[in-house]
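This report refers to the structure that appears directly beneath it.
First listed ligand is number 1; within each ligand, the first listed atom is number 1.
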Amino acid sequence: MNTKTTVISQAELDAQFACCDKIAAYWQTKGRTPTAYVETYGCQQNEADSEKLRGFLAQCGYAIVGSAEGADVVIMNTCAIREHAEQRVFGNLGALTHTKRRHPEQKIFLCGCMAGETKVSDRVKHSYPHVDGVFSTHHLWQFPQILWNVLSGKKRQFFIEDEPGSIAEGIPQVRDSKLKAWVSIMYGCNNFCTYCVVPYVRGRERSRRPEDIVAEARELVAAGCKDITLLGQNVNSYGKDLGLGVDFADLIRMINDIPGEFLIRFMTSHPKDATEKLFKTMAECEKCAHQLHLPVQSGNDRVLKAMNRNYTAEKYLAQVKLARSYMPDLVITTDIIVGFPGETDEEFEDTIKLCDEVRYDAMFTFIYSKRVGTPAASMPDAATREDKQRRFDRLLEAANRVSAEKHAEYIGKTVRVLVDGETGKDEYNLSSRTNGGRLVHLAGDKSLIGQFIDVKITSGNTWALYGKVGE
Ligand code: SAH
Ligand code: SF4
Ligand code: F3S
């Protein structure tokens with residue numbers, strides 16, 4: 001496989017912008033403002049990609065709307081991580097035959113991680129004739145050309161060739177929020193965990209240049225953004241491919257140096273690559289949130305090895321200890337897969353044990369889902385669906401118990417939060433997040449939105465904290 005990262009040239013991007021101009025002119029002759037709807041599935045990486053698709057659409061003159069009904073363009077930006085996610089997409093894609101029947105001009109596209117799977121593009125080709133185009137994440141930067149091809153009457157568009165991966169700078173973005181922003185610092189993944197489809201659909205790991213990332217962060221801060229989340233499948237290997245001598249901790253420091261009041265968050269950290277330098281940097285950089293999403297996946301060494309995670313439970317626990325020694329108030333969250341092929345009840349007990357030891361602030365738990373083409377798909381699996389469900393329920397119960405206990409520890413304390421929106425409820429009308437990312441509901445005037453304020457925590461349950469302003 002070719003592993004060279006291609007940087008999309010300005011000339012190639014200009015050709016895309018020229019397509020935007022042609023599309024805008026096309027709609028001008030029709031005398032109305034076209035509309036577009038983008039539906040996003042999956043992780044923050046996809047959210048960030050959808051902001052770019054909306055950016056292109058806005059450049060083409062489209063108004064962004066909140067539903068597929070009547071929209072001139074519908075884009076499904078999909079996730080392939082689990083079977084269930086894919087089934088939902090196919091269900092919703094099927095339902096679009098009706099919106100298209102009611103509005104025959106509607107153009108429908110499927111993109112994102114599912115578009116990187118040949119079995120998906122083949123199925124769309126043969127069984128979903130109402131879909132006008134499919135493009136994988138590697139081809140997102142060519143969306144204006146794809147759309148123009150469809151509008152100008154060319155046949156259905158399939159931009160799905162597997163690429164080693166490229167980086168396109170300068171794509172316009174329409175962001176969901178002014179206060180909070182996702183910033184992709186790298187794309188793809190090299191880790192090939194044996195259960196995971198991401199390296200196959202998103203290509204090899206490639207990092208954006210630090211100066212491009214810092215420039216984007218600077219612009220965001222100047223525009224009033226208060227909360228920047230740096231995104232990558234494994235941010236700890238940021239920069240390794242660039243050879244510039246800038247690693248992830250250095251990047252945090254560079255962003256921390258931007259003047260202004262804002263928070264830096266990031267995800268995801270792979271435990272095999274988290275370093276003491278990173279924890280020290282997090283502790284020293286006053287804008288860096290004391291929040292670490294450190295997916296462990298399992299607490300059993302045999303399972304971890306079969307998953308190709310490259311760490312042991314002992315090494316993981318030592319890292320948590322080290323991170324907490326630098327930041328005693330660190331909020332730690334994790335992902336766990338229950339029922340990986342061959343996992344026994346005893347091995348699962350090790351996961352429970354590890355969770356009891358770490359006491360996570362929040363856990364995202366998943367039942368293993370078989371992904372065709374990954375090594376784990378052909379591993380023997382004796383456990384039944386019921387076995388797995390039983391383990392899952394136990395883990396969830398343990399997670400909820402610890403989360404409620406952790407929330408109870410906040411009661412009576414004063415914490416700094418960023419007020420980020422309204423809840424729509426009468427009693428606690430505002431929502432906010434602590435530095436560590438915990439949700440706090442508040443009562444107060446909506447003029448507080450966008451401000452960092454101190455609140456006293458008055459109560460809490462499994463899911464959220466409740467607080468009072470100004471105490
Ligand atoms: N890059 C991140 C995770 C991305 S996917 C990391 O390495 O941690 C988010 C989570 O989905 C993973 O952490 C894992 O817990 C879960 N996941 C991935 N593949 C899965 C599968 N086949 N079945 C069930 N859960 C899966
Ligand atoms: Fe998937 Fe592993 Fe890469 Fe995360 S690190 S995206 S779990 S292969
Ligand atoms: Fe899903 Fe792709 Fe993210 S598979 S979890 S949307 S990287």
Going by the atom numbers of ligand 1, which of them fall below 4.0 Å from some non-hydrogen atom of [X]?
| X | answer |
| --- | --- |
| D335 | 9 (C), 10 (C), 12 (C), 13 (O), 15 (O) |
| I367 | 24 (C) |
| R309 | 7 (O) |
| R371 | 22 (N) |

Short N-O contact, R208 and E216, less than 4.0 angstrom: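 The answer is yes: the pair qualifies as a salt bridge.
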query: Any chance the side chains of D420 and S431 put a donor and an acceptor closer than 3.5 Å?
result: yes
- prompt: Under a heavy-atom criterion of less than 4.0 Å, does R202 contact ligand 3?
  reply: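 The answer is yes, since R202 has a heavy atom less than 4.0 Å from ligand 3.
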query: Within less than 4.0 angstrom of ligand 3, does Q44 place any heavy atom?
result: no
Would you kindly specify which portion of [X] sits under 4.0 Å from ligand 2, judged on non-hydrogen atoms: side chain, backbone, both or neither?
| X | value |
| --- | --- |
| F192 | backbone |
| R202 | neither |
| P199 | side chain |

- line: Closest to atom 3 (Fe) of ligand 2 among protein heavy atoms sits C189 SG, 2.3 Å
Atom 11 (O) of ligand 1 - nearest protein heavy atom and its distance: R82 NH1, 3.3 Å
- prompt: Short check: any N/O/S atom of C113 below 2.8 Å from atom 3 (Fe) of ligand 3?
  reply: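 So C113 does not count as coordinating atom 3 (Fe) of ligand 3.
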- prompt: Can you tell me if C193 has an N, O or S atom under 2.8 Å away from atom 2 (Fe) of ligand 2?
  reply: yes
contact_flag Q297 ligand 2 heavy-atom lt 4.0 Å: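 Per 4.0 Å heavy-atom rule, Q297 does not contact ligand 2.
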